[in-house]
Engineer: 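There's a structure below that I have some questions on.
What's counted below: heavy atoms across the whole structure, side chains too, no hydrogens, waters or symmetry copies. Numbers restart at 1 for each chain; the letters A, B, ... are given by sequence-line order, proteins then strands.
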There are 2 protein chains.
Amino acid sequence: MATRTRRPERREEPLSRERIVEAAIELLDTAGEGGLTFRALAERLATGPGAIYWHVTGKDELLNAATDAVVADTMSADTTATTPQEAIRTLALGVFDAIDVHPWIGSQISRTPSQSPMLRVFEHLGRQVQALGVPHTAQFTAASALLNYILGVGGQNAANARGVRPGTNRTEFLDAAATAWENLDPDEYAFTRDVADQLRDHDDRTEFLAGIDLVLTGITALHEPTGPAPS
Amino acid sequence: MATRTRRPERREEPLSRERIVEAAIELLDTAGEGGLTFRALAERLATGPGAIYWHVTGKDELLNAATDAVVADTMSADTTATTPQEAIRTLALGVFDAIDVHPWIGSQISRTPSQSPMLRVFEHLGRQVQALGVPHTAQFTAASALLNYILGVGGQNAANARGVRPGTNRTEFLDAAATAWENLDPDEYAFTRDVADQLRDHDDRTEFLAGIDLVLTGITALHEPTGPAPS
DNA sequence: ACCTGAACACCGTTCAAGT
DNA sequence: ACCTGAACACCGTTCAAGT
């Protein structure tokens with residue numbers, strides 16, 4: 001169809017783990033989670049499906065490697081934050097934005113076998129938690145809470161991206177969802193109906209950061225008897 | 001193998017959506033997320049795979065119905081909580097325990113098409129957020145933060161349950177993970193190594209509740225200028 | 001109206017055979 | 001050492017045919 005201007009010598013390079021992971025990421029980004037297939041991947045790499053297994057043990061490892069590559073890239077972007085709070089916001093927003101670009105990460109990052117990608121985020125969050133002055137015994141809880149909140153939002157965003165056709169934009173998606181909320185049963189969903197307008201008007205990133213600040217306020221409030229600093 | 005003492009007349013009842021969902025839940029609980037197959041389900045229901053499609057549009061709807069059935073059951077357990085905080089803890093713990101019994105829910109509850117199961121939890125959380133006296137404009141954010149934290153932990157627990165063979169118990173699993181943390185690269189994972197002992201000793205439920213309390217403290221601190229109430 | 005089960009179009013993974 | 005691609009053992013889903 002269209003002529004390729006990038007990576008002209010693609011079919012000459014030998015197969016490698018890196019090229020495979022790179023192609024997998026491209027496939028996941030363009031075709032979605034269901035688009036990553038050993039056959040499709042093999043075609044993109046101009047080889048047979050069996051060849052991939054010489055470099056990668058299976059689909060699970062491939063998915064994990066792809067997720068790890070993106071997350072590691074996000075974490076390595078060093079920031080010029082002035083406070084630990086600011087550093088945590090930047091860090092969290094980095095993960096949030098990475099999921100926005102690669103929605104499949106949102107569902108994959110939790111799914112990892114207790115290893116790499118999630119641990120990277122945990123480590124970086126934890127360092128800022130330490131910088132915050134949280135006592136040692138409370139650091140694990142604080143970093144976990146932040147991580148779990150981020151993973152929860154990520155999973156949600158991945159699910160939303162999966163449910164929506166590429167055509168629809170953010171505004172009409174939110175509008176449709178809000179309207180659906182307003183039409184719920186008044187007895188069973190009184191609260192949800194009541195905040196439907198807040199769903200319609202909200203900004204994803206702002207809302208995400210507001211949640212981070214809630215957790216951050218909780219962390220500092222519990223360990224500074226002088227009371228929390230306002231946002 | 002073993003003789004069945006329950007549901008003796010199983011093969012006489014006609015097929016119904018309810019029986020299909022019930023059988024799907026049993027299959028998911030016993031054989032895991034990969035165990036739910038239209039063929040396995042059909043065998044359990046003493047029919048052909050095609051018959052199921054007359055009652056259910058496909059696997060996605062079936063998974064959603066199974067998740068919704070379990071979540072709805074959890075939410076309907078009414079509590080005798082004395083404070084909104086206590087009600088939220090009970091509510092959250094209910095979801096947590098449901099995921100413990102049915103690990104597949106943890107990954108499925110986020111995956112739903114913006115509908116039922118997640119919305120039930122959101123609604124019940126939101127009512128308690130209102131009871132907490134959170135101003136109207138902040139209710140959506142507060143309920144979302146709690147929900148996302150719960151979903152994050154749920155996804156984590158589902159992933160852990162998937163990665164572990166049924167034989168290993170909680171203690172040795174945590175011990176192995178903590179040891180792995182202690183052997184990480186000291187430069188790259190300084191924080192994680194530092195809190196490995198807290199991973200080893202922690203109790204899942206206690207830790208989960210501590211995270212809830214962090215968010216709860218943040219919510220109340222931001223809206224009560226007199227400062228947060230200690231836990 | 002409801003069920004049956006063979007058949008279709010896929011998967012991930014393996015493995016003999018090649019270079 | 002690395003690649004090939006046919007073959008195996010599965011999937012979800014459809015659909016003509018039955019009752």
Engineer: Any chance you could encode DNA chain D as dot-bracket? Rule is Watson-Crick or G-U wobble with both distances under 3.5 Å; [ ] for pairs crossing earlier ones, | for another strand.
Structural biologist: ||.|||||...|||||.||
Engineer: Assert yes or no for the condition that the ring centre distance of B:Phe122 to A:Tyr189 is strictly below 6.0 Å.
Structural biologist: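 No, the ring of B:Phe122 stays outside the 6.0 Å limit from the ring of A:Tyr189, centre to centre.
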Engineer: So, A:Glu123 side chain and B:Ala190 main chain: donor-acceptor pair closer than 3.5 Å or not?
Structural biologist: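 At least one qualifying donor-acceptor pair exists.
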Engineer: When B:Ile150 is tested against each of B:Ile88, B:Ile109, B:Leu125 for side chain to side chain contact (heavy atoms under 4.5 Å, CB included), which residue passes?
Structural biologist: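 Only one of B:Ile88, B:Ile109, B:Leu125 forms a side chain to side chain contact (heavy atoms under 4.5 Å, CB included) with B:Ile150, namely B:Leu125.
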Engineer: If you look at every heavy atom in A:Ala66 and A:Val21, which pair is closest and at what distance?
Structural biologist: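 Shortest heavy-atom contact: CA-CG1, 3.8 Å.
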Engineer: Return yes when atom CD of A:Glu172 has more than 12 non-hydrogen atoms of other residues, nucleotides or ligands closer than 6.0 Å, and no otherwise.
Structural biologist: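 Yes, the 6.0 Å shell around CD holds more than 12 heavy atoms from other groups.
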Engineer: Starting from C1' on D:dA1, measure out to CG on A:Leu15 and report it in whole angstrom.
Structural biologist: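 Nearest whole value for this atom pair: 13 Å.
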Engineer: Can you give me every donor-acceptor pair (side chain of residues 90-102 of chain A, partner residue at least two apart or in another chain, under 3.5 Å) with its distance?
Structural biologist:
residue  : atom : partner  : partner atom : Å
A:Thr90  : OG1  : A:Glu86  : O            : 2.8
A:Asp97  : OD1  : A:Arg205 : NH1          : 2.6
A:Asp97  : OD2  : A:Arg205 : NH1          : 2.6
A:His102 : ND1  : A:Asp29  : OD1          : 2.8
A:His102 : ND1  : A:Asp29  : OD2          : 2.8

Engineer: State whether the side chain of B:Arg127 and the backbone N or O of A:Phe191 hold a donor-acceptor pair below 3.5 Å, judged by distance alone.
Structural biologist: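 Flag not set: sc B:Arg127 to bb A:Phe191 has no pair under 3.5 Å.
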Engineer: Taking protein heavy atoms under 4.0 Å as touching, what does nucleotides 8-19 of chain C look like 5' to 3' if B marks base contact, S marks sugar-phosphate-only contact and - marks none?
Structural biologist: ---BBBBB----
Engineer: With a 4.0 Å cut-off, would you call A:Arg39 and A:Glu43 a salt bridge?
Structural biologist: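 Between A:Glu43 and A:Arg39 there is no salt bridge, as every charged N stays at least 4.0 Å from the carboxylate O atoms.
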Engineer: Find the distance B:Ile52:CD1 to C:dC3:P and express it as a whole number of Å.
Structural biologist: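 The distance from CD1 of B:Ile52 to P of C:dC3 comes to 11 Å, rounded to the nearest Å.
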